[in-house]
> 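For reference, the structure I am asking about is given below.
Labels below follow one simple rule: chain letters A, B, ... track the order of the sequence lines, proteins then strands, and each chain is numbered from 1.
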Number of protein chains: 2
Amino acid sequence: MVGAPKITLQWPGKALSRAPTGGRLTPAVCPDAPVTLIEGDNLVALEALQQDAAGFTLAYLDPPFFTGRSHHRVIRQRDPESGQISRSLGRGFDDHWESLEHYLSALAARISAVHALLTPQGCLVLHVDPKTSHYVKVLCDELFGPECFASEIVWRYRRWPSKQRNFQRVHDVLLRYVKDPKAEPRFQQLYEPLAPSTRATWGEGQQRAVVGADGRRVRSSTLEQPSRGVPLGDVWEIGIVAPVAKERTGYPTQKPEALLTRLIEACTLPGDRVLDPYAGSGTTLAVAARMGRPVVGIDENREALELCAARLRRQGLGVRRSRAVPRSLRQARPTSPARLTG
Amino acid sequence: MVGAPKITLQWPGKALSRAPTGGRLTPAVCPDAPVTLIEGDNLVALEALQQDAAGFTLAYLDPPFFTGRSHHRVIRQRDPESGQISRSLGRGFDDHWESLEHYLSALAARISAVHALLTPQGCLVLHVDPKTSHYVKVLCDELFGPECFASEIVWRYRRWPSKQRNFQRVHDVLLRYVKDPKAEPRFQQLYEPLAPSTRATWGEGQQRAVVGADGRRVRSSTLEQPSRGVPLGDVWEIGIVAPVAKERTGYPTQKPEALLTRLIEACTLPGDRVLDPYAGSGTTLAVAARMGRPVVGIDENREALELCAARLRRQGLGVRRSRAVPRSLRQARPTSPARLTG
DNA sequence: GCAGTTAATGAATCGCATG
DNA sequence: CCATGCGATTCATTAACTG
């Protein structure tokens, strides 16, 4: 924590430091493995990962959004004889909380643990919605320091319209924090196409300022050299995963691969390690692995991890499995031996 | 204040209630006047407005963004002989603050005063940037109650690129709160054009869901009737005021009329009263007046109010002027008689 | 008159020079 | 050494101008 701000969120019983879970990983994680899946409470796993020497360059956290609902997995199966598609519901994740206080306490513990795992060039990206983002941002300012705040990225999508007496919500928020604002950041500049109005006026060429004798800018001119486009901004228009898309897994709240591709491309180099403590259906894992970034995913839902493993297997990737065990359980329930899947 | 949340922002010396300024308006404001300009501290003016019986249906607040800079007005004049254009700097507004605490304290007092002035169907819209929006949102949740939060509107614009090792910021945030979530809200549904992908698949016709015998949606069909577009979402792509646009006043941080038009159209009906405590160059006033909404603007900068008055005069509108005077000054400096401008 | 071209400059951001 | 200032960067937008 660099500079703790004087303005903080307060609630009865707030405590950012907590008793360590004393978690262990069985077997230990190999930092160079292309993909590692850890089953268990992500707080236990994150604490256990502190024993690793190597840090992570990007941590992407996609926690529950405090919706107060249970989210189910849709399992679609085609009957081989009739050809009919049947749907059934599997376990997704539960997003019920006693209160916003409990939600934030749980999240703060994870963010804090992730902070300790980042390299100096590393960054954390928190995927939230506009109802919780503000509380989470104030919390992160306290945990990271406000000068570590890098961007509020707006993910703008389109969806089936619903009648309501309000502007329909069509965006999520991704908060990006860097571990150390004084370190040279990992950042690959990406570009997006020029605005239609700019193309109409200037064409595809780069613009150059022309400065007069008095030092003031007189006008601009167009170069022969084609522009690479405009530097990517913090509002991203990316389609949601279509209900019939090939990448669709049936897992609830699945994020599009295009979103993760962009994030990983901008914030890491090949070989940099990526972490996803809420792995879900494994979008981060699939994309990172494909892009040559070793990745560690954590989830407490075994069905979700099976889905991840199958998805990665389809990409022709081997998966290393591990299990996070808190101290209290370590003697009561001995873990099964390591398995190598795929 | 409906339901105070347990999670609040805390800082040393925080106090949301403060000694009343005992402000008075000279002359008193006439609720039916198409445009009223009040010169003085907006906190004093807002308190004085409480004596009005009629409330406001929309309050748009565009406070300083806590940038730590002074913003100047650019005054352009064409020399009638040479035809040359000369530029000089006038007073804009000062955005220096001792600390974020002071900034938030000042803002909280204004928000609180505005809250008291809203009709039950009314709403407040706070224009901020993504560095301060999160603190302001938590503050508003405390002042209005979290269930009064309606929307985080993202204003996405395009501007000149700058090299930086981060995603360039290309959005502002507008927080919308309703006074009473149980009251029937003022809300006119607006529409935006269909997405290109939708037009490609479905054309311009309206879509209707076709539901099967089991209650599940089977497919959609396209109607003859052309679609009005999709209901307006909470991400608005609107161009900034161009450097040479006719609506440009030279006042810093001027907001585009298109933004205010959309807001006023969605949140008010003709005849509803609109309030802008940070009037600046008078965009809200100009748009509201044109749309037949009586509007009250407050600013402490006399130059800004002159600009507002001139802008409204160009629209052929008369302006009623008033002055906000705090108790401490009421005897020391007697106010000049009312003036009718335009 | 209409379409295509030119002009002007911004709630920016970084880096280096200056106090 | 830290705060401040100014040059360089080069897209977006609409009014004014030109043919």
Side-chain angles (χ1 to χ4, degrees), chain A residues 150-151 181-182 184-185 187 189 191-235, chain B residues 61-78 83-89 92-97 103 127-133 155-174 237-259 278 280-281 283 304:
Chain A
S151 287
K182 292 190 203 86
E184 177 74 3
F187 191 77
Q189 182 66 68
Y191 296 88
E192 53 187 327
L194 298 175
S197 64
T198 305
R199 268 209 306 280
T201 314
W202 301 93
E204 302 288 340
Q206 269 185 43
Q207 293 176 47
R208 267 295 126 76
V210 177
V211 179
D214 58 348
R216 280 198 58 223
R217 184 152 43 105
V218 178
R219 60 172 196 279
S220 298
S221 70
T222 313
L223 299 187
E224 296 268 323
Q225 203 183 345
S227 166
R228 281 181 295 189
V230 291
L232 183 60
D234 59 6
V235 178
Chain B
L61 273 70
D62 184 21
F65 282 8
F66 192 65
T67 58
R69 292 215 297 262
S70 287
H71 299 274
H72 301 289
R73 184 160 82 93
V74 178
I75 303 160
R76 302 181 65 197
Q77 278 180 313
R78 185 185 288 271
Q84 293 252 320
I85 289 170
S86 69
R87 294 161 79 252
S88 60
L89 293 183
F93 60 90
D94 187 48
D95 192 9
H96 287 274
W97 300 85
Y103 173 79
H127 193 139
V128 284
D129 83 356
K131 267 194 190 125
T132 49
S133 72
W155 171 32
R156 191 253 205 269
Y157 45 83
R158 290 166 188 279
R159 63 168 168 202
W160 61 101
S162 67
K163 260 185 202 153
Q164 65 179 124
R165 310 224 56 186
N166 193 6
F167 306 106
Q168 188 172 8
R169 185 168 81 77
V170 289
H171 77 278
D172 282 10
V173 170
L174 285 81
E237 189 153 350
I238 293 177
I240 52 173
V241 181
V244 290
K246 219 187 287 179
E247 64 172 284
R248 186 162 203 100
T249 60
Y251 198 83
T253 77
Q254 185 182 350
K255 300 300 178 292
E257 297 194 353
L259 184 76
Y278 297 90
S281 59
T283 305

> I want to verify a distance call: between dT14(D), dC11(D), dA15(D), whose nearest atom is closest to the Ala242(B) side chain?
dT14(D)
> For a 4.5 angstrom cut-off between non-hydrogen side-chain atoms, does Arg159(B) reach Gln168(B)?
yes
> On DNA chain C, does the nearest nucleotide to Gln207(A) precede the nearest nucleotide to Arg69(B) from the 5' side, or the other way round? Give the residue.
Gln207(A)
> Considering only heavy atoms from C-beta outward, does the side chain of Pro252(B) approach that of Arg73(B) to under 4.5 Å?
yes
> To the nearest angstrom, how far is Asp95(B) atom CG from dA11(C) atom P?
13 Å
> Is there a side-chain contact between Arg159(B) and the phosphate of dA12(D), meaning an N or O under 4.0 Å from OP1 or OP2?
no
> For atom C1', what is the distance between dA15(D) and dA11(C), given to the nearest Å?
23 Å
> Heavy-atom distance under 4.5 Å between the side chains of Thr253(B) and Phe65(B), does that happen here?
no
> Of the nucleotides dG10(C), dT9(D), dT13(D), which has the atom closest to the Ala195(A) side chain?
dT13(D)
> Is the shortest heavy-atom distance from the side chain of Thr198(A) to the side chain of Arg158(B) under 4.5 Å?
no
> Please check this pair: side chain of Asp95(B) against backbone of Phe66(B), looking for a donor-acceptor N/O pair closer than 3.5 Å.
yes
> With respect to the side chain of Arg158(B), which nucleotide from dT13(C), dA12(D), dG10(C) is positioned closest?
dA12(D)
> Return the value, rounded to whole Å, for the distance between atom OH of Tyr157(B) and atom P of dT9(C).
21 Å
> Looking only at the side chain of Val244(B) (C-beta and beyond, no hydrogens), which of the listed nucleotides dA11(C), dA15(D), dA12(D) gets closest?
dA15(D)
> Please pick, from dC11(D), dT10(D), dT13(D), the nucleotide with the shortest atom-to-atom distance to any side-chain atom of Trp160(B).
dC11(D)
> Measuring from the side chain of Pro243(B) (C-beta onward, heavy atoms only), which nucleotide among dT13(D), dA11(C), dT10(D) has the closest atom?
dT13(D)
> Tell me yes or no: between the side chains of Thr249(B) and Gln254(B), is some donor less than 3.5 Å from an acceptor?
yes
> Are Ser227(A) and dC11(D) close enough that a side-chain N or O sits under 4.0 Å from OP1 or OP2?
yes
> Heavy atoms under 4.0 Å, any strand shown: does Pro252(B) hit a base, just sugar-phosphate, or nothing?
nothing
> Under 4.0 Å, heavy atoms only, any strand: does Lys131(B) hit a base, just the sugar-phosphate, or nothing?
nothing
> Rounded to whole angstroms, how far apart are CZ on Arg208(A) and C1' on dT6(C)?
19 Å
> What integer distance in Å separates Phe93(B):CZ from dA11(C):C1'?
7 Å
> Round to a whole Å and report the spacing from CD of Glu247(B) to C1' of dA8(C).
16 Å
> Is any side-chain N or O of Ser197(A) closer than 4.0 Å to OP1 or OP2 of dT13(D)?
yes
> Counting only Watson-Crick pairs (N1-N3 plus N6-O4 or O6-N4) and G-U wobbles (N1-O2, O6-N3), all under 3.5 Å, who is the partner of dA11(C)?
none
> Give the rounded distance in Å between these two atoms: CD of Gln189(A) and P of dC11(D).
12 Å
> According to the interplanar angle, ranging from 0 to 90°, do the rings of Phe167(B) and Phe187(A) count as parallel (below 30°), tilted (30 to 60°) or perpendicular (above 60°)?
perpendicular
> Nearest whole Å is fine: how far is dA11(C) C1' from Arg73(B) CZ?
17 Å
> Have a look at Pro196(A) and say if it touches a base, only the backbone sugar-phosphate, or nothing, with a 4.0 Å heavy-atom cut-off.
nothing
> Can you find an N or O donor on one side and an acceptor on the other, under 3.5 Å apart, linking the side chain of Trp202(A) with the base of dT10(D)?
no
> Distance check: side-chain N/O of Ser162(B) vs OP1/OP2 of dT13(C), anything under 4.0 Å?
no
> Could you tell me the separation between the CZ atom of Arg228(A) and the P atom of dT10(D), rounded to a whole number of Å?
9 Å
> Heavy atoms from C-beta onward define the side chain here; which of dA11(C), dG10(C), dA12(D) lies closest to that of His71(B)?
dA11(C)
> Determine which nucleotide pairs with dT10(D), using a 3.5 Å limit on both distances of a Watson-Crick or G-U wobble pair.
none
